[in-house]
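Just below is one structure, and these are the notes that go with it.
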Protein chains: 2
Amino acid sequence: MTGASFWSQFELRQLRCFVAAAEELHFGRAAARMNMTQPPLSRQIQLLEHVLGVKLLDRTSRAVKLTPAGRVFLLEARRILRLTESAALATRRIASGEAGTISLGFTAASGYSFLPRLLLQRASHAPNIDMALKEMVSSEQVDSLLTGRIDVGLLRPPIDRSEFTTRRVVRERLVAALPFGDPRLAEAALTLKDFDRSPLVMYAADGARYFHDMLTGLFEAEGATPIAVQSLSQIHSMLALVRAGIGAALVPEAAMSLHFDDVHFRPVTTMPTAPVELYAAWRSDNDNPALPAFLDLLRQDETEPVAPHD
Amino acid sequence: MTGASFWSQFELRQLRCFVAAAEELHFGRAAARMNMTQPPLSRQIQLLEHVLGVKLLDRTSRAVKLTPAGRVFLLEARRILRLTESAALATRRIASGEAGTISLGFTAASGYSFLPRLLLQRASHAPNIDMALKEMVSSEQVDSLLTGRIDVGLLRPPIDRSEFTTRRVVRERLVAALPFGDPRLAEAALTLKDFDRSPLVMYAADGARYFHDMLTGLFEAEGATPIAVQSLSQIHSMLALVRAGIGAALVPEAAMSLHFDDVHFRPVTTMPTAPVELYAAWRSDNDNPALPAFLDLLRQDETEPVAPHD
DNA sequence: CATGCCCATGCAAAAACCGCATCGTTTGAT
DNA sequence: ATCAAACGATGCGGTTTTTGCATGGGCATG
């Protein structure tokens, strides 16, 4: 035997009984509201008072009144019960995918055009889905997907992990970024041959392997050979060099939203027409309930607007 | 038999079990922390999940992990449990009188000096006692005390209700309020005879019965007869008339804190020396737990400072 | 493949809870 | 003053819920 009960904790049932009694100021009616008879309700309240060590209701057999402590506890009890309901609701919404958080990895380039569009979509179609954005290069995203640090990645192919499901979300053209005064600006459209033996700001083989390999392949197929004057991995740094007159650059058309002064863009005809691809990838076994809603968002975003030239 | 339970409400016990399990990520240790064995804890969590309709913990027999919904619910559960503890604490503090609210009635005149002193005392000695202040004349206070609208009144005698306990909290002298240029300002102290056959702003017999009757009695005993030029019940209004040169006024020395321009004060010798009394009164059966602490405050305030003259 | 760890489940005992009947007190009417 | 009605407290037996023990079954490790 333990002697005095050392369970100094009440239960929600007791709070509900107390609130009913405090609001009705009548044990019989309160019991009816709780779908029970009066004696058990009396006991629940006695128990609550005993646990608190405080008299909450002053009951003379003719009238029930709140004590000062009871008045305070009534407010607290109501707050707790409200919180209880909202907690259940919020949790169910998370589980149903109606609300939730998606950790999203994205490459710097995808942040220029696709990501803003995605955020707009979210604001109108799934405002309760939070997005935790983390910029990282494609290879980092693969690691983060595997360890679960991000739910979805927006990254460049190739993605050959069998654990992943992928979906192409952007396919866009290359455009040429040319400094003010470059004679090629006279043309409405260019081909890769226009860059043969001409200075070109190039992608780094390590930090931007996707673009580097793609351009290398495209030029080789076309039989043209640009003069690589510099190798970078950040597109906005490349445009800064273009502006300084170091050379031209070939960038995804989404980069046109960067608006550098004295840097103008011209479409470049390539084969295939839209060689720049961006994929969404996620672990097939990701159980984040918000994932389906988020993927719907991606699907709605498929209709790609054709960006105008400057 | 009721078939499916339609009780879509969880209990605090379940929250406590869930929090323990979510923190330990191990049912056995969590159960130990809850002072029970593992099977009941498992069931409490199953019950909670069933009630919410949401899986909170992912349990493969080798590891326990929170689901996204479980992460959210853990935060909510912790908040609820914190709230329950603080609610119990706050309620116990109220019941013990350590904290609480006192509804206090006071007369306009007592607000000039005694009440500010009392509020200072409270700030330093009982900061957790809230005071709801309500200005009302003495007769209103009696009614409010009887109906429980105020816990304590600061009012003028006589108080002859048997339901009340009273305590004198202020005994002060009368001072004369004289307009600039009044010849009596040449004297350092006055007597009531100095007001014989001279214009005096008087207290109304209804709105300020206490002062009216007191002055009437004092003058009668002294054999002096002032010329009552006006009858008011608010002391600050009387001082305004004094300033306008309508006549002198006799006010409790606490009113000296009102500081009207061109109105100066002189002590008045009376018999008894300090005829103006203020009492605290409360229902003897008042059960407000904060009352004893509040009354202690009143007792500490008994040492009345002697106000300087201007 | 054997072993250990760990959560789920079956089951009987214990505890908690509920409803019914009844008591004691208070209030208001006669 | 007396009586009846209203109301919350309490005693008690039956039912539901919870608990602990024993055990099952999945999964990782060696």
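All chains are named by letter (A, B, ...) in the order of the sequence lines, taking the proteins before the strands, and each is independently numbered beginning at 1.
B/Ile150 has its side chain out of reach of B/Phe106: every pair of non-hydrogen atoms, C-beta onward, lies at least 4.5 Å apart.
If you take CD of B/Gln46 and C1' of C/dA8, they are 7 Å apart, rounded to a whole angstrom. Rounded to whole Å, the distance from CD on A/Glu11 to P on C/dC18 is 12 Å. We find that CZ of B/Arg13 is positioned 9 Å from P of D/dT18, with the value rounded to whole Å. Separating the CG atom of A/Asp58 from the P atom of D/dC7 is a distance of 17 Å, rounded to the nearest angstrom. Between A/Leu25 atom CG and D/dC7 atom P the separation is 12 Å, expressed in whole Å. Distance B/Leu57 CG to C/dC7 C1': 11 Å, rounded to the nearest Å. Residue A/Leu41 contributes atom CG, which lies 9 Å from atom P of D/dA9 at whole-angstrom precision. As a whole-Å value, the separation of A/Arg43 CZ from D/dG13 P is 13 Å.
Of the two residues near DNA chain C, B/Ala63 and A/Pro39, the one whose nearest nucleotide lies more 5' is B/Ala63. Each of B/Leu47 and B/Gln38 was assigned the nucleotide of DNA chain D with the nearest heavy atom; the assignment lying further toward the 5' end belongs to B/Leu47. Along DNA chain D, the nucleotide nearest B/Pro40 and the nucleotide nearest A/Arg59 are compared for position; the residue whose nucleotide lies closer to the 5' end is A/Arg59.
The number of heavy atoms from other shown groups lying within 6.0 Å of CZ (B/Arg161) does not exceed 12.
The side chain of B/Ser42 contributes no N or O atom lying less than 4.0 Å from OP1 or OP2 of C/dC7. Between B/Gln44 and the phosphate of D/dT17, there is no side-chain N or O to OP1/OP2 separation shorter than 4.0 Å. Phosphate contact (OP1/OP2 of D/dT19, side-chain N/O of B/Thr37, threshold under 4.0 Å): absent.
Of all heavy-atom pairs spanning B/Ala281 and B/Thr166, the tightest one is CB-CG2, 3.8 Å.
Taking the ring centroids of B/Phe164 and B/Tyr279, they lie at or beyond the 6.0 Å cut-off.
For B/Arg62 against C/dC6, no side-chain N or O and base N or O form a donor-acceptor pair under 3.5 Å.
Salt bridge status for B/Glu76 with A/Arg93: absent, with no side-chain N to carboxylate O gap under 4.0 Å.
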